[in-house]
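Naming: A, B, ... by sequence-line order, numbering from 1 per chain.
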Amino acid sequence: MANLTLVQAINLALVQEMEKDDRVLILGEDVGLNGGVFRVTDGLFKRFGGDRIVDTPLAESGIIGTSIGLAMAGLRPVPEIQFEGFLGPAYDQICSHAARMRTRTRGAFTVPLTIRVPVGGGIHAPELHSDSPEAIYAHQPGLKVVMPASPYDAKGLLISAIRDPDPVIFFEPKRIYRAFREEVPEDEYTVPIGKARVVCEGDDLTIVSWGASVVQCMQAIERSSASIELIDMRTIYPFDIDAVEESVSKTGRCVIVHEAPRTCGFGAEIATQIMERCFLQLEAPVQRVAGFDTIMPYYKLENDYLPDADRIELAIQEIGAY
Amino acid sequence: MANLTLVQAINLALVQEMEKDDRVLILGEDVGLNGGVFRVTDGLFKRFGGDRIVDTPLAESGIIGTSIGLAMAGLRPVPEIQFEGFLGPAYDQICSHAARMRTRTRGAFTVPLTIRVPVGGGIHAPELHSDSPEAIYAHQPGLKVVMPASPYDAKGLLISAIRDPDPVIFFEPKRIYRAFREEVPEDEYTVPIGKARVVCEGDDLTIVSWGASVVQCMQAIERSSASIELIDMRTIYPFDIDAVEESVSKTGRCVIVHEAPRTCGFGAEIATQIMERCFLQLEAPVQRVAGFDTIMPYYKLENDYLPDADRIELAIQEIGAY
Amino acid sequence: MPITKVLEAQIDHVSILDEHGNFDESLGKGLIPDEDLIKLYGHMVICRLLDEVAFKLQRSGRMGTYPQNMGQEAPSLGAAYALETTDWMVTCYRENCGLFWRGLPMEKILQHWMGDERGNDIPRELHATPIAVPIGTQMLHATGLAWAAKYRGEKRVACTFFGDGATSEGDFHEAMNFAANLDIPVVFFCQNNQWAISVPGKIQCSAPTVAQRGFAYGMDCLRCDGNDIFAVVHCMNKAIASGRDNKRPTFIEAVTYRLGDHTTADDARRYRDAEEVELWKARDPITRIKAFMKSRKIWDDSKQAELEEHADEAVSAAVKRAEGIEAPNKEDFFNWMYAELPEQLVVQRDTMRTSSIGQDPSQIESPQASQQS
Amino acid sequence: MPITKVLEAQIDHVSILDEHGNFDESLGKGLIPDEDLIKLYGHMVICRLLDEVAFKLQRSGRMGTYPQNMGQEAPSLGAAYALETTDWMVTCYRENCGLFWRGLPMEKILQHWMGDERGNDIPRELHATPIAVPIGTQMLHATGLAWAAKYRGEKRVACTFFGDGATSEGDFHEAMNFAANLDIPVVFFCQNNQWAISVPGKIQCSAPTVAQRGFAYGMDCLRCDGNDIFAVVHCMNKAIASGRDNKRPTFIEAVTYRLGDHTTADDARRYRDAEEVELWKARDPITRIKAFMKSRKIWDDSKQAELEEHADEAVSAAVKRAEGIEAPNKEDFFNWMYAELPEQLVVQRDTMRTSSIGQDPSQIESPQASQQS
Ligand SMILES: Cc1ncc(C[n+]2csc(CCOP(=O)(O)OP(=O)(O)O)c2C)c(N)n1
Ligand SMILES: Cc1ncc(C[n+]2csc(CCOP(=O)(O)OP(=O)(O)O)c2C)c(N)n1
Ligand SMILES: [Mg+2]
Ligand SMILES: [Mg+2]
């Protein structure tokens, strides 16, 4: 056991999977000697050499497209895309190929690929460095989409992702890369893709969230006198609607918190499924505390954009009064 | 007035806007002499010449990226992307630039761009020629997303789109390009972006749909003995939730029908907002009759994938019995 | 010296057997043994026939949209002939002739265009990837496949095929650039058939040659008459050697022509002159081999008659096999989505519904009753 | 003739004033009049100082991440000097020196990196687009802007700037290809500073020159010492003439070097040798002009002292102006989304909520009461 940050937990997972399985290789911009712009691959170049930790040309479609080829050949590439804002150029390779390969070839070819991408706002970065596109990829059948909210989960989920026989987008909430530490076992372990985590239990209200927002939810819960159950989805697709259903059936009230713009965000899917499954138990409409339907502003205003404990607290009060 | 197909109505809108405004130009693959693979730009090359109807290299990011430049300079480019499956390579230019230009420059630059794209299944086309990505672009703030379901609306909405000072993705449901005709005025007129259309009125149930699915909805309604109100959204963003609210407040029941995969589809957003706005009037959970969360199959199975009148009819019966 | 020359480059064009029957012995001798030439010729004849039959299948409603390969048999066949079966073939949709040479059953291609994914279920030992529909995207996969071979210390190369239009896509550039800079053994094989649907080659590449696209990456660039199978094999041999030994990619431009429409959904008369087509009919890759073999006395009319009969049989049998495949099961489009199907997809499959009430009939009082109403 | 040469190409490197003080009269004479050279030099000195001050602003928490321009003053300045103000400048983020020459107030750039969109609100008459953050994307906009000029019959060209790394992106290829094939007057100006963050140039382009990227499009390709403003101006003059008169694009590779870290978030010592940096410090674009002007007796220490004083003042004033701008209003990030704000956005802005109950307080019994609880 060691007390690790999320960055360290991911680094540890990468090291362990690479030691164990020489089909695993890492490619991307600045992942080599530099250890990545967030230093997530720090030390790996030295340890595993330039054949397994590969600095590529600056081209995201190229990184993902060649990774698809590597994966089709049976390797387990783990490409890094530097910021979620630069997934865009790779969108087509991800959605037109990685997501479709297994079904369009009826299993002749598969794409066991794990795309690591820092995600979300809150670090005062330049434009296009603070977005949250998880719903885009959840809408694309054939992908799995994961977003851990803690170091322990990050390690376990990343190991699951790398071993998963299908393509996984592994979003790493950059705001909590080094925000706190947690006990993380040295030994390998997996956290299953598709299972939510009940962060704390409660009876009055359910909060559903994922990624860095989980921290804001916890702050709001601490301030509140209500008995609140917090669910960290951990996986965006496939998602653990059973865990949500179970909780909301009990509490009758739900607030969903996410950074992405509200319209067509993943919150809409969860809210809809709650309505479908807990229709008779619902005491108030499910509430979304989300990013606004605007471009994430430059950093001077980003705190006005991001859902924070204040906005969550208000929603808790309001839904309670409904 | 003339009795026109949807293709003809769009062609007419293009001709009229080009005659009226020489800032309008068309670019894309095969839009010139060939008149586009669906013949939507038929005759335009002859009429307006190669400077205004431009065959470009085969590169969707290039088409949209140069269109952004053309628009920043004050022109009104109307690029065509051949099929929605080939929007992928242009995703980054659309979402990282077109959608952001006005706000990131605080109005110094704007992108009055209309991207025309055939959309959806049902024509027995090869893979990647039958998808429905409207939710992806509805989730991206800064865009407008339009999808007409009739020749009359197609003409009026396209004229609105071309005149709109912001970027519009204009999805053309290819299944109904030539499926039926409608009286379309010769004179120019506009249909406002952001306003739904009540196709028929009813008291028992509301069906909300858009694009080619509206036809299937009408078939199901004809078969049903219930009194059903059908709303054609016409615009995916900004969307006319007031029209939906008004209807569902009255009927208490709603079925949403769309071709795109269910998870994180635009149906989820509407369903959620119905819950938010009509919570106390809802008699049953809003139902989604949508594409499955799979890749749209090759054409031998596409009819099993697409929501048809049978599936809609079942949902009508089931929600009625809830 | 204010102006210093820092680089010089040139492009050569290779032609061995031209359409007038000229044969260059210096390059051509021994390149393709006679018995192989006979086989290659026979194979092209069969493929041409299949292509014609496929066109008719579409016209009579027995197949969906189909892109004819007619006139472009030599490029992919020459390439497939030069490659080992352990080398990857990463194709577009005008490489039927090469794929069939590799061993792909003809019915697989028919099945694909008949709208059935199982047409893409290519036996692994063929080392061939299925038809790529989104233009320009598959070259990156070839780069990845060849990279994997290099990573594992295998001597395998990947040869990827694409049209002139495809060289306009950004992914083409990225694939070339990755291969050149990371030393990955890929043969980038451009079938320059001079049209991308209705758009002429000059709109895709206004440079004098497409071959020079490779200069941008410091790559070896070869250009040849693509309708001359000898020239194709010559270039491929060079490219393969360089890939196998030095892990260097090569760019090949094979100049050819699409004799048919772009696909069965297209009508090429809208945008190109009949004369141009006639000109290229005279440059047909098949007839020139036949003439050459006759001049070498290794082919005659009776052999031709025999071949044609065989071709008829082979093609009819393939069509029969394709049409005899049992209809796909609608569960298939669920079952192959993931190695393990997520629960919500299981429910969607088992109920064929996306509506929550329909998926969970306990939600309604009496579903049976209501369904009968 | 089985093998025919069909194309020859070459790349020349241009150097006029080198780091040892050698000046080529044949190309250099009259290229930049003395009074202009003095101005250009003074401008570079001010820009260098601003760059250093910006670094300190970031370090002291008064600004966000900032990419230093240090060492790369000559390329964008030479280009801006050669262009007309009616020509478009479509930049990346290492063209401060050129943008300021064009007339962009220095505080605009500071404001941008201080996290304020209003830094991008560039006066229209400057014909400059704001800093582009996503690498490789802005060249397409330049192509569109120049195309619009051609469409309107204007004589305007667009010059777009990007790094060596950017030439690996697909959009770079598409922009070059569109411009070449559709005859659009763009100057593609690559600042090859030999690094893309930690990745060395050879990973982006293993060809001997980056300039030869232009061969792929049959484009004119020029290469020069980017730290030599004379060479830059020489190449730009050629490119501009070709664009204005013949609507032909040109590709320019200006070889330069990033003396600082990639950005303030980077530490270049992790990946590159101090010696390399020292080598390039000796090739500084500013010091060589100073030496040259001194040798020509048009500059002396007192002028230098005066200039430095003026630079201090100018930069302090710019920082003061940037820091004096009133804080942005949080309504701004709504208000500029569309020409006309959709209703749902109006509600989000006015309530600063996305929750339905919060947006419509009539939905709760006593909102005031509950908010006070
Ligand atoms: C990304 C993408 N854009 C557009 C299309 C539509 N399309 C299909 S084939 C084709 C032309 C391809 O031309 P080329 O690469 O020269 O190949 P050819 O058909 O001539 O063999 C186009 C535009 C597509 N399939 N994919
Ligand atoms: C599409 C995209 N991918 C990645 C990044 C992250 N990034 C910012 S600058 C940079 C390197 C750019 O190198 P180069 O083009 O040579 O310009 P330089 O910084 O050297 O001036 C990278 C990878 C980005 N901004 N955009
Ligand atoms: Mg072609
Ligand atoms: Mg650089």
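We find that D/Glu117 and B/Arg106 are joined by a salt bridge, their nearest charged nitrogen and carboxylate oxygen being less than 4.0 Å apart.
Residues D/Leu145 and B/Gly69 share a closest heavy-atom pair of CD2-O, 3.4 Å. The shortest heavy-atom contact between D/Glu174 and B/Gly62 is OE1-N, 2.5 Å. Shortest non-hydrogen contact noted between B/Ala73 and D/Arg152 is O-NH1, 2.8 Å. The two residues D/Pro130 and B/Arg104 make their nearest non-hydrogen contact at CG-NH1, 3.8 Å. Annotation for B/Gly142 and D/Tyr338: closest pair N-OH, 2.9 Å, computed over non-hydrogen atoms.
Atom CD1 in D/Ile122 sits 6.5 Å away from atom CZ in B/Phe109 (nearest 0.5 Å). Atom OG1 of B/Thr103 sits about 10.5 Å away from atom CZ of D/Phe334, to the nearest 0.5 Å.
B/Thr105 places none of its side-chain heavy atoms less than 4.5 Å from the side chain of D/Trp336. The shortest side-chain heavy-atom distance between D/Leu140 and B/Ile68 does not fall under the 4.5 Å cut-off. The closest side-chain heavy-atom distance from B/Leu70 to D/Tyr151 is not below 4.5 Å. Taking 4.5 Å as the limit, every side-chain heavy atom of B/Arg102 sits out of range of all side-chain heavy atoms of D/Met337. The closest side-chain heavy-atom distance from B/Pro238 to D/Glu343 is not below 4.5 Å. Within the 4.5 Å cutoff, side-chain heavy atoms of B/Gln93 are placed close to those of D/His141.
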For side chain to side chain donor-acceptor pair (under 3.5 Å), just list the numbers for B/Ser61 and D/Asp171, CA-CA rounded to whole Å, side-chain angles, deciding distance to a tenth of an Å, and then say yes or no.
CA-CA 7 Å; B/Ser61 190; D/Asp171 275 6; 2.6 Å; yes
Residue pair D/Gln344, B/Gln273: steps toward the side chain to side chain contact (heavy atoms under 4.5 Å, CB included) verdict:
CA-CA 11 Å; D/Gln344 295 208 5; B/Gln273 293 215 10; 2.9 Å; yes
Do D/Trp147 and B/Val54 pass the side chain to side chain contact (heavy atoms under 4.5 Å, CB included) test, and can you show the C-alpha distance, the side-chain angles, and the key distance before you say yes or no?
CA-CA 11 Å; D/Trp147 182 351; B/Val54 186; 3.8 Å; yes
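With hydrogens and angles disregarded, a donor-acceptor distance shorter than 3.5 Å links the side chain of B/Asp166 to the backbone of D/Ala339.
Listed options B/Arg23, B/Lys144, B/Met275, B/Arg52 were ranked by heavy-atom pairs under 4.5 angstrom with chain D; first place goes to B/Arg52. If you tally non-hydrogen atom pairs under 4.5 Å between each of D/Arg124, D/Arg118, D/Met139 and chain B, the highest count goes to D/Arg124. Your options are B/Leu27, B/Asp242, B/Leu143, B/Ile64, and the one with the most heavy-atom pairs under 4.5 Å with chain D is B/Leu143. Ranked by heavy-atom pairs under 4.5 Å with chain B, the list D/Asp360, D/Asp332, D/Asn181, D/Asn177 is led by D/Asp332. When each of D/Ala175, D/Gly144, D/Ser355, D/Ala149 is scored by its heavy-atom pairs under 4.5 Å with chain B, the top score falls to D/Gly144.
With a 4.5 angstrom heavy-atom cutoff, B/Tyr237 touches chain D only via side-chain atoms. Proximity to chain B (any heavy atom under 4.5 Å) is shown, for D/Leu341, by neither the backbone nor the side chain. Heavy-atom distances place no part of B/Ser67 under 4.5 Å from chain D, backbone and side chain included. When heavy atoms are compared at a cutoff of 4.5 Å, D/Ile184 does not approach chain B at all. For B/Pro141, the parts lying under 4.5 angstrom from a heavy atom of chain D are both the backbone and the side chain.
Within 6.0 Å of the NZ atom in B/Lys195, the count of heavy atoms belonging to other residues, nucleotides or ligands does not exceed 12. With a 6.0 Å radius and a threshold of 12 heavy atoms from other residues, nucleotides or ligands, B/Glu283 has its CD atom above the threshold. In this structure, D/Lys330 places its NZ atom where only 12 or fewer heavy-atom neighbours from other residues, nucleotides or ligands lie under 6.0 Å away. For CD of D/Glu340, the number of neighbouring non-hydrogen atoms (other residues, nucleotides, ligands) closer than 6.0 Å is 12 at most.
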